[in-house]
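Notes to accompany the following structure.
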Amino acid sequence: MKRSLTVLAVLAVAIAAQAQVPSTEPPAQVKELDWFVGTWKGSGTMSMQGMEMAFSTEMTTSYFGQFLMTRSTIDYGMLKVEETMMLGWDDAKGQYVSYCFTNMSPAPRIERGMREGNALTMVSEPWSIMGQSMVSRGRMEKLSDTKAKFTLEFKEGETWTKASEMELTKG
């Protein structure tokens, strides 16, 4: 009898402790971006400061705890940009937040944004890339289950200048 009571007490403590463990599942707002999970490929042209460079890209997105993690490579031929981005939900501010680590900058690019219909638009804080301070805006829009459009803009003064727009295919 004493042994049964001990087992029940241990079981009750374990159940109570488990009920208090915070969830490691992505919040509902992150799950709304479930369509983004998978591997995407595309190519395009980057126009910046009077230069145009062709590129190809591949990005793979998966869940990592409460976040969407995207690992991408952008290949310009003579230069490869590699990035790892963690995207989550900031409940206190009611917006998405991401931290992107790239081989082109010593500090992460921090972005905040909102989902509008089938699109997610993220705007960066000023960040340094190759010695220059920039503000960028990226928009990923779902076109179908296997197609998406990505647009990248940079802020110049008070205006946004489109640097690239491409269609991505999920495969």
- Query: What about Phe64 and Val37, same hydrophobic cluster or not, with Ile/Leu/Val/Met/Phe/Trp/Tyr joined at side-chain heavy-atom distances under 4.5 Å?
  - Reply: no
- Any donor-acceptor pair under 3.5 Å from Ser124 side chain to Pro126 backbone: no
- Residue pair Asp90 / Arg112: nearest heavy atoms and the distance that separates them: OD2-NH1, 3.1 Å
- Query: So among Gln132, Met134, Arg137, which one has a side chain to side chain contact (heavy atoms under 4.5 Å, CB included) with Phe154?
  - Reply: Met134
- Message: Main chain of Glu82, side chain of Asn103: is a donor-acceptor contact present, judged purely on distance under 3.5 Å?
- Response: yes
- Group every Ile, Leu, Val, Met, Phe, Trp and Tyr by side-chain heavy-atom contacts under 4.5 Å, then state whether Trp35 and Met59 land in the same group. yes
- Any side-chain heavy-atom pair from Leu87 and Val97 closer than 4.5 angstrom? no
- Pairing of Glu111 and Arg109 as salt bridge, 4.0 angstrom limit: yes
- Answer yes if Leu143 and Leu33 sit in the same cluster of Ile, Leu, Val, Met, Phe, Trp and Tyr residues linked by side chain heavy atoms under 4.5 Å apart, and no otherwise. no
- Item | Trp89: side chain to side chain donor-acceptor pair (under 3.5 Å) partners, not counting sequence neighbours | Asp91
- Closest non-hydrogen atom pair between Pro108 and Phe101, with its separation: CB-CE2, 3.5 Å
- Note on the structure: To the nearest 0.5 Å, atom NZ of Lys80 lies from atom CG of Asp75 at 5.0 Å
- Item | Salt bridge present between Asp145 and Lys170 (N-O < 4.0 angstrom) | no
- From Gln95 CD over to Thr121 OG1, what is the distance, rounded to the nearest 0.5 angstrom? 12.5 Å
- Item | Exam field: side chain Tyr96 to backbone Gln29, donor-acceptor pair closer than 3.5 Å | yes
- Could you tell me the separation between the CE atom of Met114 and the CE atom of Met122, rounded to the nearest 0.5 Å? 10.0 Å
- Message: Salt bridge or not between Glu116 and Arg139? Use side-chain N to carboxylate O under 4.0 Å.
- Response: yes
- Query: Are any non-hydrogen side-chain atoms of Leu152 and Met46 less than 4.5 angstrom apart?
  - Reply: yes
- Determine whether Thr73 and Val81 make a side-chain contact, defined as any pair of heavy atoms from C-beta on separated by less than 4.5 Å. no
- Stepwise, does the side chain to side chain contact (heavy atoms under 4.5 Å, CB included) test hold for Lys41 with Thr57? CA-CA 6 Å; Lys41 293 180 182 180; Thr57 187; over 6 Å; no
- Salt bridge or not for Glu153 and Lys162, using N-O below 4.0 Å? no
- Yes or no on side chain to side chain contact (heavy atoms under 4.5 Å, CB included) for Ser98 and Phe67, after CA distance, side-chain angles and deciding distance? CA-CA 9 Å; Ser98 69; Phe67 300 91; over 6 Å; no
- Query: Side chains of Thr70 and Glu83: closer than 4.5 Å at any heavy-atom pair?
  - Reply: no
- Item | Non-hydrogen atoms of Phe36 and Thr61 that approach each other most closely | CE2-OG1, 3.2 Å
- Query: Would Thr146 and Trp40 satisfy side chain to side chain contact (heavy atoms under 4.5 Å, CB included), going step by step from the backbone distance to the final call?
  - Reply: CA-CA 9 Å; Thr146 59; Trp40 298 83; 6.0 Å; no
- Message: When you measure from the side chain of Glu58 to the backbone of Gly42, do you find a donor-acceptor pair of N or O atoms at a distance under 3.5 Å?
- Response: no
- What closest approach, in Å, do Ser23 and Gln66 show between heavy atoms, and which atom pair accounts for it? O-NE2, 3.2 Å
- Item | Flag side-chain contact, heavy atom, 4.5 Å: Leu168 against Met140 | yes
- Message: Under a 3.5 Å cutoff, is there a donor and acceptor pairing between the side chains of Thr60 and Thr39?
- Response: yes
- Query: Does one side chain, of Ser43 or Ser56, offer a donor that lies under 3.5 Å from an acceptor on the other?
  - Reply: no
- Message: Is there a continuous path of hydrophobic side-chain contacts, each under 4.5 Å between heavy atoms, that joins Met86 to Met104?
- Response: no
- Message: Could you walk me through whether Tyr99 and Thr84 satisfy the side chain to side chain contact (heavy atoms under 4.5 Å, CB included) test, starting with their C-alpha distance in whole Å, then the side-chain angles of each, then the deciding distance to 0.1 Å, before giving a yes or no?
- Response: CA-CA 8 Å; Tyr99 293 83; Thr84 299; over 6 Å; no
- Item | Lys147/Glu167 salt bridge by N-O under 4.0 Å criterion | yes
- Partners meeting ring pair (Phe, Tyr, Trp, His ring centres under 6.0 Å) with Tyr63 (sequence neighbours left out): none
- Query: By ring pair (Phe, Tyr, Trp, His ring centres under 6.0 Å), which residues pair with Phe150, not counting sequence neighbours?
  - Reply: none
- Does some side-chain heavy atom of Met78 sit less than 4.5 Å from a side-chain heavy atom of Met53? yes
- Do Thr159 side-chain atoms and Glu156 backbone N/O form a donor-acceptor pair below 3.5 Å? yes
- Contact summary for Thr45 and Ser164, nearest pair of heavy atoms: O-OG, 3.3 Å
- Message: Hydrophobic cluster membership, with links at side-chain heavy-atom distances under 4.5 Å among I/L/V/M/F/W/Y: are Met85 and Ile110 in one?
- Response: no
